[in-house]
Undergrad: 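Have a look at the structure that comes next, please.
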Amino acid sequence: MAGRKDDLQRRPIGEGTRAAAIEDLYRDHGDWLRRLVAARLRMQPADVDDIVQDTWLRAARPATTEITHPRAFLFQTALNLFRDRKRREAVRQQHREGVTADQGRGDGHGMSEQEAILELERIVLDLPEKMRDVFVLSRFRHMSNAEIATTLGISIKTVEWRMGKALALCMSRLRD
């Protein structure tokens, strides 16, 4: 039985069809991941379900390399998703506190959230096309630099350069 467990942990995911590989991965490690996330991250059951589901969605993305250590991959992915969630919650909380403070002052100098969204949309649409494509794929489609490079048929260095320029332009326009 110990040999079978070792085989399950070391079996590469890239074999056969991707869907079958993900089903095997889920069948072999799904319960383990749910228990580990619940125990290590001390979350509510509904939040555990969300993190585990998002982990499987990430695992189902087309991979450029085979997953040779599925448990390590799954837990690191779940941990990254947990950290992302906590960061977003912190940002939302800061935003809520900032909005409350702005409303309390009543000075009328700040933008409403809707105005800020429209301004950001205008800034992004004003970017040069090549920079805008990279920016949108990265920030709104959540693609990696390698995925963007493949999609656009350019090098990863070009993606990095265009993203840097797009961010610099956005920041300078936001400051104005």
Undergrad: List the steps and the verdict of side chain to side chain contact (heavy atoms under 4.5 Å, CB included) for L25 and L74.
TA: CA-CA 9 Å; L25 185 66; L74 291 171; 4.0 Å; yes

Undergrad: For E89, is the CD atom crowded, meaning more than 12 foreign heavy atoms sit under 6.0 Å from it?
TA: yes

Undergrad: Are L125 and L118 linked, directly or through other ILVMFWY residues, by side chains that come within less than 4.5 angstrom of each other?
TA: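 Looking at the clustering, L118 is in a separate group from L125.
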
Undergrad: Output, in order, the C-alpha distance, side-chain angles, deciding distance and verdict of side chain to side chain contact (heavy atoms under 4.5 Å, CB included) for M163 and I148.
TA: CA-CA 11 Å; M163 189 64 192; I148 295 169; over 6 Å; no

Undergrad: List the atom of L127, the atom of C170, and the distance in Å for their closest heavy-atom pair.
TA: CD1-SG, 4.0 Å

Undergrad: Under 4.5 Å between side-chain heavy atoms, counting indirect links through other Ile/Leu/Val/Met/Phe/Trp/Tyr residues: same cluster for L79 and W32 or not?
TA: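 L79 and W32: one cluster.
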
Undergrad: Applying the side-chain contact (heavy atoms from CB on, under 4.5 Å) criterion to T77, which one of L57, T55, D54 satisfies it?
TA: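 In the set L57, T55, D54, the residue that makes a side-chain contact (heavy atoms from CB on, under 4.5 Å) with T77 is T55.
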
Undergrad: Do L120 and V136 land in one hydrophobic cluster if side-chain heavy atoms of ILVMFWY residues count as linked below 4.5 Å?
TA: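 Same hydrophobic cluster.
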
Undergrad: Measuring from H69:NE2 to Q76:CD, what's the distance to the nearest 0.5 Å?
TA: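 CD of Q76 is found 13.5 Å from NE2 of H69.
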
Undergrad: Regarding R40 and the six-membered ring of F82, is the cationic atom NZ or CZ under 6.0 Å from the ring centre and inside 45° of its axis?
TA: no

Undergrad: I'd like to know if the side chain of S138 and the backbone of V134 have a donor-acceptor N/O pair within less than 3.5 Å.
TA: no

Undergrad: So that I can tick it off, tell me whether R87 and D84 are bridged by a salt bridge, with the cut-off set at under 4.0 angstrom between side-chain N and carboxylate O.
TA: yes

Undergrad: How many angstroms lie between atom CG of L33 and atom CG of D28, to the nearest 0.5 angstrom?
TA: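 Those atoms lie 12.5 Å apart.
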
Undergrad: Kindly check if the number of other-residue, nucleotide or ligand heavy atoms within 6.0 Å of OH (Y26) is above 12?
TA: no

Undergrad: Taking only residues two or more places apart in sequence or in another chain, which ones pass salt bridge (Lys or Arg N to Asp or Glu O under 4.0 Å) with R85?
TA: D47, D50

Undergrad: Would you give the length of the straight line joining atom CE of M171 to atom CG of L167, rounded to the nearest 0.5 angstrom?
TA: 8.5 Å

Undergrad: Going by the rule side chain to side chain donor-acceptor pair (under 3.5 Å), which residues pair with T150 if we only count those two or more places apart in sequence or in a different chain?
TA: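 Not a single residue meets the side chain to side chain donor-acceptor pair (under 3.5 Å) criterion with T150.
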
Undergrad: Looking only at heavy atoms, which two atoms of W56 and G30 are closest? And how far apart?
TA: CZ2-CA, 3.7 Å

Undergrad: Yes or no on side chain to side chain contact (heavy atoms under 4.5 Å, CB included) for I123 and L169, after CA distance, side-chain angles and deciding distance?
TA: CA-CA 9 Å; I123 289 170; L169 282 170; over 6 Å; no

Undergrad: At what distance, to the nearest 0.5 angstrom, does CG of N145 lie from NZ of K157?
TA: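 Result: 10.0 Å between the selected atoms.
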
Undergrad: Using every non-hydrogen atom in the two residues, find where R71 and H29 come nearest and quote the distance to one decimal.
TA: NE-ND1, 3.0 Å

Undergrad: Determine, stepwise, if the pair L152 / L137 fulfils side chain to side chain contact (heavy atoms under 4.5 Å, CB included).
TA: CA-CA 10 Å; L152 298 178; L137 291 174; 4.0 Å; yes

Undergrad: Give me each pair satisfying salt bridge (Lys or Arg N to Asp or Glu O under 4.0 Å) with a member in residues 126-146, each pair once, sequence neighbours excluded.
TA: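 For residues 126-146: R122-D126.
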
